[in-house]
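Have a look at the structure below before the remarks.
Atoms within a ligand are numbered from 1 in the order they appear, just like the ligands themselves.
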Amino acid sequence: MDFTLTPEQELFRKSAREFALKELEPIATDLDREHRVALDVLRELGSLGYLGMTVPEEYGGIGADMLSYVLVMEELSRSCASTSTAVSVQNSLCNTLLVEFASEAQKRKYLPDLAVGKRFGAFALTEPESGSDAAGLKTTAVAKGDSFILNGTKRFITSASFSDIFLVFALTDPSAGNRGVSCFLVERDTPGFTVGKEEDKLGIRGSSTCELFFESCRVPRENLIGELHRGFKVAMVTLDSGRIGIAAQALGIAQAALDEAVKYSKERKAFGKLLGEFQAIQFKLADMKAKVEAARLLTYKSAWKKDHKLDYIADSSIAKLYAAEIASEVADEAVQIHGGYGYIRDYKVERLYRDARITRIYEGTSEIQKLVIARELLKD
Ligand code: CAA
């Protein structure tokens, strides 16, 4: 593995950083306070190609590699994890799923608009009674003529309030467990489909999270994605890759917390000295830096393995587990270094501390990542 970035990857990092500083940094606090999604900024990100990062050019994307996508996610997340959440869902969970599993006709119909942010997508797996136990879902899809009739409820669906397209997992053979799940593309205006209320969250408050309701919702058979009854595998493979994006998001949050802690340590005085002159603070900063660098290497390595078509299932879970855990730890220490100022909304570390928390939960909790890693270790 080469530890240097290509000129193209460097350019992605630099452009994403510049965009984040100009467009996201000034509004991130307001988005958080007002619980508002920056749809205009997301559309702009789309027009610049950031919503179709790994989509092949023939389907309207920019055909970049996974590592470039990771660099973009990291840089956007340093400024606004709420906005990067929508970027991640669009790239990792919608586009990647369609690129890997949709038919040629489905790709041509949906990817060009998704890749440039003309339309937005959501990934609907979780239900009120099934989160980590993804195969415990209860939503059903019953074949009727040339359609499927969907009934059920999805919960905690990211980007739901503004999405046009929903990739929905439902039971097509309830007696077959995870081998009876299928994936459907449901358009927002389909009769029998409604989006519920917005959740009031601890962090990433500038992202959208809603319930979805399906009541005798008729979806054409041509909207089945992948093979009938093989949708669970579609979800698992999509999440393997998606977790690399969340690792990058956690890394970006952790880097931002470290940046804030370093800056404050050079400004704030106590007992007649700058904070950074105290060994107690220096040791904290050194530990934070070591954790951020380790998370960065794990995250880049998992993206590199995907780019080189190597098995990356355990790597993406290791990267996501570690980056998510250290994002919380680093943000916590950044708050500690800020003292009382770290506990009030005027300081960025307060938001970073709250935003970091979700990375240990979505796209598989830290406990699920350990389960995936252990299974990969123990398999024959
Ligand atoms: N990669 C590829 N395939 C996998 C896999 C993986 N990581 N894990 C399981 N599979 C495959 C198995 O090989 C098996 O395939 P076959 O049918 O061909 O044999 C099939 O899936 C079933 O596997 P298991 O029997 O092992 O499945 P399980 O029911 O024991 O569950 C689990 C496995 C890992 C716990 C899974 O349920 C899981 O990943 N849970 C977490 C779900 C999750 O991450 N949810 C996040 C929701 S989405 C989200 O958060 C998005 C957002 O809002 C931003």
Side-chain angles (χ1 to χ4, degrees), residues 37 73 77 81-97 100-101 120-137 139 154-161 163 166-169 171 173 176-183 198-199 201 203-204 207-212 226-250 302 305-306 311-321 324 355 357-380:
V37 176
M73 272 300 292
S77 304
S82 289
T83 302
S84 78
T85 298
V87 172
S88 142
V89 170
Q90 187 92 346
N91 277 291
S92 299
L93 299 184
C94 294
N95 296 343
T96 301
L97 188 155
E100 295 201 13
F101 295 99
F120 290 96
F123 177 89
L125 176 65
T126 302
E127 299 194 355
E129 291 172 54
S130 66
S132 290
D133 179 13
L137 79 179
T139 296
K154 295 287 173 183
R155 182 164 285 173
F156 303 140
I157 305 308
T158 308
S159 299
S161 69
S163 279
F166 296 79
L167 297 169
V168 180
F169 296 86
L171 288 170
D173 181 359
N178 61 39
R179 290 201 163 205
V181 176
S182 301
C183 176
E198 193 68 68
E199 301 292 354
K201 305 187 292 287
I204 54 164
S207 70
S208 161
T209 312
C210 307
E211 269 190 315
L212 308 180
E227 285 176 54
L228 186 67
H229 307 321
R230 295 302 287 152
F232 191 72
K233 192 84 180 168
V234 171
M236 292 299 105
V237 171
T238 303
L239 285 166
D240 287 333
S241 171
R243 287 165 184 157
I244 302 175
I246 301 303
Q249 180 183 51
S302 60
K305 284 188 89 171
K306 183 172 183 204
D311 182 350
Y312 64 92
I313 294 179
D315 300 85
S316 73
S317 281
I318 293 168
K320 201 255 184 197
L321 168 68
D355 286 351
R357 191 64 183 83
I358 189 62
T359 63
R360 286 157 63 194
I361 298 172
Y362 62 16
E363 295 202 32
T365 60
S366 288
E367 292 72 19
I368 288 292
Q369 307 314 322
K370 289 182 189 176
L371 193 147
V372 173
I373 298 160
R375 282 183 178 191
E376 289 296 306
L377 265 179
L378 296 168
K379 77 179 183 193
D380 294 326

4.0 Å protein heavy-atom contact status of atom 14 (C) of ligand 1, strictly under: no

Stepwise side chain to side chain donor-acceptor pair (under 3.5 Å) check, Glu199 with Thr209: CA-CA 6 Å; Glu199 301 292 354; Thr209 312; over 6 Å; no

Per-atom contacts, ligand 1 versus Thr126 - under 4.0 Å to a heavy atom: 47 (C)

Student check: side-chain heavy atoms of Leu321 and Ile318 closer than 4.5 Å: no

Arg243 N/O to ligand 1 N/O under 3.5 Å: yes

Candidate with minimal heavy-atom separation from atom 12 (C) of ligand 1, of Gln369, Met236, Glu127, Lys233: Lys233

Gly131 to ligand 1, any heavy atom closer than 4.0 Å: yes

Closest to atom 43 (C) of ligand 1 among Thr365, Val181, Leu239 (heavy-atom distance): Leu239

Distance-only N or O hit between ligand 1 and Arg230, under 3.5 Å: yes

Under 3.5 Å: N/O of Glu363 near N/O of ligand 1: yes

Salt bridge present between Arg155 and Glu211 (N-O < 4.0 angstrom): yes

Sub-4.0 Å atoms of ligand 1 with respect to non-hydrogen atoms of Ala135: 29 (O)

Non-hydrogen side-chain atoms of Cys183 and Val168 separated by less than 4.5 Å: no

Atom indices of ligand 1, in the order listed, that fall short of 4.0 Å to a heavy atom of Tyr362: 50 (O), 54 (C)

Validation row: Thr365, Arg360 side chains within 4.5 angstrom (heavy atoms): no

Test of proximity, Gly364 against ligand 1: N or O pairs below 3.5 Å: yes

Identity of the nearest option to atom 41 (C) of ligand 1, non-hydrogen atoms only, from Ser132, Gly242, Ala134, Ser207: Ser132

Side-chain touch Arg230/Arg179, heavy atoms, less than 4.5 angstrom: yes

Nearest-option assignment for atom 17 (O) of ligand 1, heavy atoms, candidates Gln249, Glu376, Arg179: Arg179

Sub-4.0 Å atoms of ligand 1 with respect to non-hydrogen atoms of Asp240: 1 (N), 2 (C), 6 (C), 7 (N)

Residue and atom name of the nearest protein heavy atom (relative to atom 31 (O) of ligand 1), distance in Å to one decimal: Phe232 CZ, 3.9 Å

Side chain, backbone, both or neither: Ile313 near ligand 1, heavy atoms under 4.0 Å: side chain

Short side-chain to backbone donor-acceptor contact, Ser302 and Ala319, under 3.5 Å: no

Residue Phe123 vicinity, atoms of ligand 1 by number, heavy atom under 4.0 Å: 48 (S)

Side-chain heavy-atom pair Lys233, Phe101 within 4.5 angstrom cut-off: no

Atom 52 (C) of ligand 1: nearest protein contact (heavy atom, Å): Thr158 OG1, 3.4 Å

Set of residues satisfying side-chain contact (heavy atoms from CB on, under 4.5 Å) with respect to Glu100, sequence neighbours excluded: Thr96, Val237, Lys306

Subset of ligand 1 atoms that lie under 4.0 Å from at least one heavy atom of Arg375: 24 (P), 26 (O), 30 (O), 33 (C)

Pairwise side-chain contact, Phe123 with Leu239, heavy-atom cut-off 4.5 Å (strictly under): yes

Region of Thr209 engaging ligand 1 - heavy atom pairs below 4.0 Å: neither

Lys/Arg-Asp/Glu bridge criterion (N-O < 4.0 Å) met for Lys154, Glu127: yes

Nearest non-hydrogen protein atom, atom 27 (O) of ligand 1: Asn178 ND2, 3.5 Å

Atoms of ligand 1, numbered as shown, that sit under 4.0 Å from any heavy atom of Leu93: 51 (C)

Partner set under side-chain contact (heavy atoms from CB on, under 4.5 Å) for Ser208, not counting sequence neighbours: Val37, Ser161, Phe162, Glu198, Cys210

Heavy-atom donor-acceptor pair, Ser163 side chain to Ala160 backbone, under 3.5 Å: no

